[in-house]
*Asks:* 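Below is a structure I'd like to ask you about.
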Amino acid sequence: MESVFGEPSSKGPASSASNVYMAQQAQFGTHKGVESPVGLTHIGSTGEAQMVDVSLKESSKRTAIARCKVILGKKVFDLVLANQMAKGDVLGVAKIAGISGAKHTSSLIPLCHNITLTNVRVDLTLKPEDFSVDIEGEAVSTGKTGVEMEAMTAVSIAGLTIYDMCKAASKDIQISDVRLEHKTGGKSGDWYREK
């Protein structure tokens with residue numbers, strides 16, 4: 001355990017673990033005194049994970065919109081459309097789950113800041129052309145850090161909730177294309193996904 005919590009031991013199993021750790025450091029270029037690659041704000045100068053210090057940043061209104069798709073298949077799609085799933089209103093429950101998921105992002109993703117959300121929107125649309133559900137989520141906050149993770153968590157949790165509510169009818173449901181579509185605010189300004 002010394003190799004994890006203190007100086008590496010020179011013999012025994014801890015020495016072996018230390019050698020593996022040092023080999024990984026060499027492989028990924030994470031040596032003491034070396035700056036982390038540009039843009040990797042969650043990596044410290046020695047390669048360790050870190051939470052970004054946002055205390056000196058200016059507060060601004062931040063928004064983020066994310067999407068994902070849940071491919072149900074015809075049988076499950078028809079059951080959801082008719083609101084005949086045994087667990088109840090699939091889209092209604094998934095909407096609430098997505099909103100709740102956004103509010104719990106910092107509990108789920110270790111290096112995310114715990115922020116105050118001023119709005120979360122989750123919209124679910126049935127798409128008969130490919131028997132899917134299109135999920136769009138938006139997170140809004142006024143603060144020192146962005147809300148991209150909250151928007152993506154919202155759509156991911158909504159998608160997982162759809163799977164949970166429909167899995168008795170089919171295990172072949174797919175959640176795909178989780179992605180950020182648009183974000184505003186902060187030092188980096190506005191960003192849009194290229195179409």
Side-chain angles (χ1 to χ4, degrees), residues 28 37 39-43 49 51-52 61-115 117-141 145-186 188-195:
F28 297 111
L40 297 179
T41 57
H42 287 81
I43 306 293
M51 190 173 195
V52 176
K61 183 176 180 183
R62 319 271 191 143
T63 65
I65 295 174
R67 298 184 88 89
C68 85
K69 174 178 259 196
V70 182
I71 302 166
L72 301 173
K74 184 173 183 350
K75 174 187 166 188
V76 176
F77 182 89
D78 289 344
L79 290 169
V80 172
L81 181 63
N83 199 16
Q84 293 181 344
M85 292 302 300
K87 287 191 174 183
D89 177 10
V90 173
L91 301 183
V93 173
K95 179 183 184 90
I96 297 301
I99 293 169
S100 180
K103 293 173 12 178
H104 287 88
T105 300
S106 65
S107 298
L108 298 167
I109 301 173
L111 300 179
C112 280
H113 292 84
N114 185 5
I115 64 175
L117 292 168
T118 56
N119 188 44
V120 177
R121 172 183 59 82
V122 177
D123 294 328
L124 299 98
T125 306
L126 289 168
K127 298 286 190 178
E129 58 272 17
D130 61 357
F131 308 115
S132 70
V133 181
D134 184 55
I135 305 173
E136 181 177 277
E138 179 181 28
V140 182
S141 179
T145 189
V147 289
E148 297 91 359
M149 296 310 299
E150 286 73 13
M152 289 196 292
T153 299
V155 298
S156 299
I157 295 297
L160 288 167
T161 300
I162 291 171
Y163 187 95
D164 178 60
M165 295 194 70
C166 299
K167 67 187 178 193
S170 173
K171 304 286 191 283
D172 197 32
I173 298 165
Q174 298 174 45
I175 302 167
S176 67
D177 301 325
V178 177
R179 64 201 183 274
L180 181 68
E181 292 289 350
H182 172 61
K183 78 93 170 166
T184 67
S188 63
D190 295 358
W191 179 87
Y192 294 86
R193 174 170 296 285
E194 292 183 14
K195 298 296 180 188

*Asks:* At what distance, to the nearest 0.5 angstrom, does CD1 of Ile135 lie from CD1 of Ile175?
*Replies:* 7.5 Å

*Asks:* Would you find a donor on one side and an acceptor on the other, under 3.5 Å apart, between the side chain of Thr153 and the backbone of Met149?
*Replies:* yes

*Asks:* Within this structure, what is the CG-CG distance for the pair Leu126 and Asp78, rounded to the nearest 0.5 Å?
*Replies:*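 Rounded to the nearest 0.5 Å, the CG-CG separation comes out at 10.0 Å.
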
*Asks:* Any chance you could measure Ser170, atom OG, to Lys74, atom NZ, to the nearest 0.5 Å?
*Replies:* 14.0 Å

*Asks:* Specify the closest pair of heavy atoms between Ile157 and Gly101, including all atoms of both residues, with the distance to one decimal.
*Replies:* CG1-CA, 4.1 Å

*Asks:* Say you draw a straight line from CD1 of Ile99 to NE2 of His104; how long is it, rounded to the nearest 0.5 Å?
*Replies:*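 Answer rounded to 0.5 Å: 13.0 Å.
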
*Asks:* Rounded to the nearest 0.5 Å, what's the gap from CD1 on Ile71 to CG on Asp130? Could you check?
*Replies:*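 That separation rounds to 6.5 Å.
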
*Asks:* Under a 4.0 Å N-O cut-off, is there an ion pair linking Arg67 with Asp134?
*Replies:*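 Here Arg67 pairs with Asp134 in a salt bridge, since their nearest N and O are under 4.0 Å apart.
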
*Asks:* Closer than 4.0 angstrom, basic N to acidic O: yes or no for Arg121 and Glu136?
*Replies:*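 Here Arg121 pairs with Glu136 in a salt bridge, since their nearest N and O are under 4.0 Å apart.
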
*Asks:* What is the minimum heavy-atom distance between Gly88 and Asn83, and which atoms define it?
*Replies:*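 So the two residues come closest at O-OD1, 3.7 Å.
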
*Asks:* Name the residue from Thr161, Val155, Val90, Val133 that meets the side chain to side chain contact (heavy atoms under 4.5 Å, CB included) definition with Leu124.
*Replies:*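 Considering Thr161, Val155, Val90, Val133, a side chain to side chain contact (heavy atoms under 4.5 Å, CB included) with Leu124 is found only for Val133.
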
*Asks:* Is it the case that over 12 heavy atoms from other parts of the model lie below 6.0 angstrom from the CD atom of Glu194?
*Replies:*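 Open.
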
*Asks:* In Å, rounded to the nearest 0.5 Å, how long is the span from CG of Leu117 to CD of Glu138?
*Replies:*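 The CD atom of Glu138 is 11.0 Å from CG of Leu117, to the nearest 0.5 Å.
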
*Asks:* Provide the closest heavy-atom pair for Met85 versus Met165 in the form atom of the first, atom of the second, distance.
*Replies:* CE-O, 3.4 Å

*Asks:* So, the side chain of His182 versus the backbone of Ala64: is there a donor-acceptor pair under 3.5 Å, distance only?
*Replies:* no

*Asks:* Do you know which two heavy atoms are closest between Gly146 and Arg62, and how far apart they sit?
*Replies:*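 Minimum heavy-atom separation between Gly146 and Arg62: N-NH1, 3.6 Å.
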
*Asks:* Do you know the tightest heavy-atom contact between Arg193 and Arg179?
*Replies:*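 What the structure gives for the nearest pair is NH2-CB, 3.7 Å.
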
*Asks:* Scan side-chain atoms only and decide if Lys61 and Thr118 contain a donor-acceptor pair under the 3.5 Å cut-off.
*Replies:* no

*Asks:* When you look at CG of Asp190, are more than 12 heavy atoms from neighbouring residues, nucleotides or ligands closer to it than 6.0 Å?
*Replies:*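 Yes, enclosed.
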
*Asks:* If every non-hydrogen atom of Ile173 is compared with every non-hydrogen atom of Cys166, which pair is closest and at what distance?
*Replies:*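 Nearest pair, atom of Ile173 first, then Cys166: CD1-CB, 3.5 Å.
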
*Asks:* Kindly say whether Lys183 contributes a backbone atom to a donor-acceptor pair with the side chain of Tyr192 at under 3.5 angstrom?
*Replies:*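 No, the answer is negative, given that no donor and acceptor are paired below the 3.5 Å cut-off.
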
*Asks:* Are any non-hydrogen side-chain atoms of Leu79 and Leu72 less than 4.5 angstrom apart?
*Replies:* no

*Asks:* Would Val147 and Val140 satisfy side-chain contact (heavy atoms from CB on, under 4.5 Å), going step by step from the backbone distance to the final call?
*Replies:* CA-CA 7 Å; Val147 289; Val140 182; 5.9 Å; no

*Asks:* If we ignore hydrogens and angles and just use 3.5 Å, is the side chain of Lys127 paired with the main-chain N or O of Ser132 as donor and acceptor?
*Replies:* no

*Asks:* Check the pair Lys171, Tyr163 against side-chain contact (heavy atoms from CB on, under 4.5 Å), reporting the backbone distance first and the verdict last.
*Replies:* CA-CA 8 Å; Lys171 304 286 191 283; Tyr163 187 95; 4.0 Å; yes

